[in-house]
A.B. asks: 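Next up is a structure, given as structure tokens.
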Amino acid sequence: MAKRRSLLWVSSRRLPTRRAFLGRIAALAAVSQLGSCALLKESRFDKDPFTLGVASGDPAPDGVVLWTRLALEPLSGGGMGNSPVEVEWRVARDDGMKDVVRSGKASALPELAHSVHVEVEGLDPDRLYWYSFRAGGAESPVGRTRTTPAVGATPEALHFAFASCQNYAQGYYTAHANLAREDLHAVLFLGDYIYEGNARGNIVREYAKRGWSFSLSDYRDRYAQYKTDTDLQAAHAAFPWIVTWDDHEVENNYAGGIDREDPRYKAALAERAAGYQAFYEHMPIRAPRPQGPDLKLYRSVGYGRLATFFVLDTRQYRSPEVPLCNEPEQTRSGYCPASVDPRRTMLGIDQRSWLLTGLRDSTTSWNFVAQSVRFAQQDSSPELDKHLFDGVDNWMGYVADRQLILDQFAMTKNPVVLSGDSHVNFVYDLKRDFGDPTSPTVGTELLGTSISSEGDPFVEQTQFTPPAKNPQLRFFDNHRGYVRCTLEPARLAADFRAVSTVRKPAATVSTTATFVVEAGHPERGARRA
């Protein structure tokens with residue numbers, strides 16, 4: 001039997017020290033270089049099949065999804081051939097994998113790129129577990145996961161983080177290296193897990209594969225490139241992830257509503273089908289296998305009586321985007337006429353109804369809407385007597401859907417929107433009517449910066465004073481990083497964590513600002529701690 005390699009080796013009481021963590025990453029790198037010879041002698045594989053690491057996700061009170069993908073040649077199709085491979089899995093109460101409580105076998109199928117999704121059941125609520133896989137005599141790294149509290153329980157606290165936008169070519173994953181060392185129950189990833197196409201922008205590291213044709217093999221190899229990063233593997237192995245997508249998992253700024261008369265209609269559907277297939281193959285999600293260009297991704301995850309996370313899909317069902325309008329009458333009103341058309345939708349009828357009903361019927365103390373793009377209104381015109389609400393790729397192009405949600409927020413306990421996409425940090429007060437300065441605040445939006453996309457800022461900026469044209473904006477910052485949150489029944493504290501650089505493989509992390517939202521007082525908005 002091949003020696004078990006562990007990305008993570010922690011007790012249930014504390015996370016590994018920084019020195020120990022870095023030592024294990026170094027050991028992992030060494031084994032990846034030397035382990036293939038040992039595996040030749042000890043197993044049926046002549047190379048390590050677990051090159052993409054392990055992950056868990058979509059936690060529940062009694063279980064979680066476990067994920068891995070077998071890939072002997074991760075950057076060139078996987079190298080696993082056309083036959084299924086039997087994979088053994090185990091879940092234990094200890095990090096040494098001695099106290100095994102659940103185990104079984106799964107088939108890694110070639111039609112799913114030899115990925116494995118195991119929906120484990122029968123676990124205890126609100127506790128840590130460790131897991132691993134075995135195939136052909138080789139053992140995977142050991143990952144750690146955690147179930148959610150029982151439905152009727154009221155946890156004292158929930159620690160989570162959210163992140164988005166991890167362009168591999170534009171920076172190292174120093175944010176993930178630091179994220180893996182946090183003490184968290186879960187991570188929410190809000191989109192742009194990969195970037196399609198050729199490397200562009202300020203390139204820090206190149207893709208192994210040149211050229212791009214929007215084929216399934218392109219998407220698979222791109223996910224594999226990202227997942228070979230040991231910092232990303234460590235963050236996946238440390239906590240369960242709750243994921244959704246944005247546009248770059250398929251194509252920049254794509255919208256689900258495709259006109260059948262569009263000459264690219266068939267090609268667009270094929271691109272979406274390939275992108276969705278590869279997304280499913282590489283994510284620890286419960287969603288059923290995609291059916292062509294369709295994959296139902298929106299869902300909710302509960303943490304007892306404390307919180308519900310409504311995870312949205314803001315791409316698959318949205319109406320086509322509106323162009324940026326610059327006509328004189330447009331700059332006075334601020335919106336393109338199409339943006340306020342009540343027939344336009346960001347979520348689609350079914351998802352919108354599901355969200356509004358879920359918010360209306362929720363009995364938890366906090367209600368989070370986890371989604372990909374900016375939700376709040378922001379005036380982008382530099383002229384004081386004019387307004388420009390650019391809705392090309394965010395909720396300002398879908399005003400009717402947004403207003404229905406804002407109206408429901410006024411009747412929902414402690415609503416908070418978690419967002420990504422913008423590659424900067426924002427904190428917004430959410431107004432029932434953004435056009436009325438006296439309108440009540442009904443919620444808060446926390447928008448997190450990118451993991452690496454756009455690289456290090458050329459000029460670092462941090463702003464706490466609300467601009468005159470956007471008084472609802474409480475905070476702006478342009479560092480790379482993630483947002484760490486501590487949720488208690490009476491308050492939410494959000495730490496905006498910034499890394500010192502993404503241009504080098506290692507970086508320090510610090511908290512740029514902390515904002516607090518008090519339960520039961522939406523009118524106060526988010527306050528700087």
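Computed from a predicted structure; not experimentally measured.
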A.B. asks: Can Asp341 and Arg343 be counted as an ion pair, charged N to O under 4.0 angstrom?
C.D. replies: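 Counted as a salt bridge, because a side-chain N and a carboxylate O are separated by less than 4.0 Å.
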A.B. asks: Between Glu119 and Arg286 (salt bridge meaning N to carboxylate O under 4.0 Å), is one present in this structure?
C.D. replies: yes
A.B. asks: Among Phe375, Phe475, Phe476, find the residue that satisfies the ring pair (Phe, Tyr, Trp, His ring centres under 6.0 Å) test when tested with Phe426.
C.D. replies: Phe476
A.B. asks: Heavy-atom count check: over 12 atoms from other residues, nucleotides or ligands less than 6.0 Å from Arg210 CZ?
C.D. replies: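 Open.
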A.B. asks: Is there a donor-acceptor pair under 3.5 Å between the side chain of Asn414 and the backbone N or O of Ala519?
C.D. replies: no
A.B. asks: Output, in order, the C-alpha distance, side-chain angles, deciding distance and verdict of salt bridge (charged side-chain N to carboxylate O under 4.0 Å, His left out) for Glu281 and Arg220.
C.D. replies: CA-CA 8 Å; Glu281 291 170 351; Arg220 283 173 169 171; 2.7 Å; yes
A.B. asks: Please give me the minimum heavy-atom distance between Thr145 and Pro240, naming the atom from each residue.
C.D. replies: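 Nearest heavy atoms, Thr145 then Pro240: OG1-CB, 3.6 Å.
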A.B. asks: Which residue pairs pass the salt bridge (charged side-chain N to carboxylate O under 4.0 Å, His left out) test when at least one of the two sits in residues 356-382, sequence neighbours left out?
C.D. replies: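 Qualifying pairs, neighbours excluded: Asp379-Lys469.
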A.B. asks: Quick one: do Phe189 and Met283 satisfy side-chain contact (heavy atoms from CB on, under 4.5 Å)? Show the steps, please.
C.D. replies: CA-CA 11 Å; Phe189 197 86; Met283 293 295 115; over 6 Å; no
A.B. asks: Does the ring center of Phe434 lie less than 6.0 Å from the ring center of Tyr428?
C.D. replies: no
A.B. asks: Let me confirm one number: the CZ-CG distance from Arg484 to Leu179, rounded to the nearest 0.5 Å.
C.D. replies: 10.5 Å
A.B. asks: Testing Gln166, Gln233, His236 one by one against His176 for a side-chain hydrogen bond (donor to acceptor under 3.5 Å, both in side chains), which residue passes?
C.D. replies: Gln166
A.B. asks: State whether the number of non-hydrogen atoms from other residues, nucleotides or ligands found under 6.0 Å of Lys296 atom NZ is greater than 12.
C.D. replies: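 Enclosed.
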A.B. asks: Angle between ring planes, Trp67 versus His282, binned at 30° and 60°: parallel, tilted or perpendicular?
C.D. replies: tilted
A.B. asks: Ring-plane angle category for His117 and Tyr280, please: parallel below 30°, perpendicular beyond 60°, tilted otherwise.
C.D. replies: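 Correct class here is parallel.
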A.B. asks: With rounding to the nearest 0.5 angstrom, report the OG to CH2 distance, Ser372 to Trp395.
C.D. replies: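 Atom-to-atom, Ser372:OG and Trp395:CH2 are 10.5 Å apart.
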A.B. asks: Looking at Glu454, is its backbone amide N or carbonyl O close enough to the side chain of Gln170 to form a donor-acceptor pair, meaning the two atoms are under 3.5 Å apart?
C.D. replies: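 Confirmed, Gln170 side chain pairs with Glu454 backbone.
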A.B. asks: Under a 4.0 Å threshold between the charged nitrogen and the carboxylate oxygen, would Glu321 count as salt-bridged to Arg315?
C.D. replies: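 Salt bridge between Arg315 and Glu321, a charged N being under 4.0 Å from a carboxylate O: yes.
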A.B. asks: Is there a side-chain contact (heavy atoms from CB on, under 4.5 Å) between Leu188 and Phe309 once you walk through the steps?
C.D. replies: CA-CA 10 Å; Leu188 291 101; Phe309 291 88; 3.8 Å; yes
A.B. asks: Classify the ring geometry between Tyr298 and Trp354 as parallel (under 30°), tilted (30 to 60°) or perpendicular (over 60°).
C.D. replies: tilted
A.B. asks: Taking all non-hydrogen atoms of both residues, which atom of Pro61 and which atom of Thr147 are closest, and how far apart?
C.D. replies: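 Closest approach of Pro61 to Thr147, heavy atoms only: O-CB, 3.8 Å.
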A.B. asks: May I ask you to check whether over 12 heavy atoms, not counting those of Glu121, lie within 6.0 Å of atom CD?
C.D. replies: no
A.B. asks: Looking at OG of Ser452 and NE2 of His423, how far apart are the two atoms once the value is rounded to the nearest 0.5 Å?
C.D. replies: 8.5 Å
A.B. asks: Can you find a side-chain donor-acceptor pair between Asp192 and Ser164 that sits under 3.5 Å?
C.D. replies: no
A.B. asks: Can you list the steps and then say if Tyr398 with Thr345 is a side-chain contact (heavy atoms from CB on, under 4.5 Å)?
C.D. replies: CA-CA 6 Å; Tyr398 306 84; Thr345 177; 5.7 Å; no
A.B. asks: How many angstroms lie between CG in Leu487 and OG in Ser365, if you round to the nearest 0.5 Å?
C.D. replies: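 Going from the CG atom of Leu487 to the OG atom of Ser365 covers 8.5 Å.
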A.B. asks: Looking at Lys431 and Asp436, is there a salt bridge between them, counting it only when a charged N and a carboxylate O are closer than 4.0 Å?
C.D. replies: no
A.B. asks: Let me confirm one number: the CG-OH distance from Asp231 to Tyr173, rounded to the nearest 0.5 Å.
C.D. replies: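 Nearest 0.5 Å value for the CG-OH distance: 10.0 Å.
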A.B. asks: Would Tyr254 and Glu271 count as having a side-chain donor-acceptor pair, cut-off 3.5 Å?
C.D. replies: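 Per modelled atom types, Tyr254 and Glu271 side chains form no pair under 3.5 Å.
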A.B. asks: Is it the case that Asn367 and Thr412 place a side-chain donor and acceptor less than 3.5 Å from each other?
C.D. replies: no
A.B. asks: Would you name the heavy atoms of Val64 and Pro59 that are closest together and state the gap between them?
C.D. replies: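 Between these two residues, the closest heavy atoms are CG2-CA, 4.0 Å.
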A.B. asks: How long is the span from the CH2 atom in Trp241 to the OG atom in Ser56, to the nearest 0.5 Å?
C.D. replies: 10.5 Å
A.B. asks: How close do Ala494 and Leu446 get, heavy atom to heavy atom, and via which atoms?
C.D. replies: CB-CD1, 3.8 Å
A.B. asks: When you measure from the side chain of Ser362 to the backbone N and O of Leu359, does any donor-acceptor pair fall under 3.5 Å?
C.D. replies: no
A.B. asks: Would you indicate whether Arg299, at its atom CZ, is surrounded by more than 12 heavy atoms from other residues, nucleotides or ligands within a distance under 6.0 Å?
C.D. replies: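 Yes, CZ of Arg299 has more than 12 neighbouring heavy atoms, counting only those of other groups under 6.0 Å.
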A.B. asks: Aromatic contact between Tyr303 and Trp366, with the criterion being ring centroids under 6.0 Å apart: yes or no?
C.D. replies: no
A.B. asks: Taking atom types as modelled, find out whether Asp407 and Gln403 have a side-chain donor-acceptor pair closer than 3.5 angstrom.
C.D. replies: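 Note: Asp407 and Gln403 side chains meet the donor-acceptor criterion.
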A.B. asks: Using a distance-only test with no angle check, is there a side-chain donor-acceptor pair under 3.5 angstrom linking Thr308 and Thr364?
C.D. replies: yes
A.B. asks: Within 45° of the six-membered ring axis of Tyr168 and under 6.0 Å from that ring's centre, is NZ or CZ of Arg205 located there?
C.D. replies: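 Yes, cation above the ring, under 6.0 Å and within 45°.
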A.B. asks: Determine the minimum heavy-atom distance between Leu295 and Arg289, stating which atoms define it.
C.D. replies: CD1-C, 4.2 Å
A.B. asks: Evaluate the side-chain contact (heavy atoms from CB on, under 4.5 Å) criterion for residues Thr244 and Gln371: first the C-alpha distance (whole Å), next the side-chain angles of each, then the deciding distance (0.1 Å), finally the verdict.
C.D. replies: CA-CA 7 Å; Thr244 188; Gln371 54 92 50; 5.9 Å; no
A.B. asks: Would you say the side-chain atoms of Arg491 pair up with the backbone N or O of Val516, donor to acceptor, closer than 3.5 Å?
C.D. replies: no
A.B. asks: Among Asp495, Asn425, Val427, whose side-chain contact (heavy atoms from CB on, under 4.5 Å) with Val483 holds?
C.D. replies: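 Passing option: Asn425.
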A.B. asks: Please report the shortest heavy-atom distance between Tyr195 and Ser453, naming the atom on each side.
C.D. replies: OH-OG, 2.8 Å
A.B. asks: Donor-acceptor check, side chain of Asn198 to backbone of Gly211, threshold 3.5 angstrom: yes or no?
C.D. replies: yes
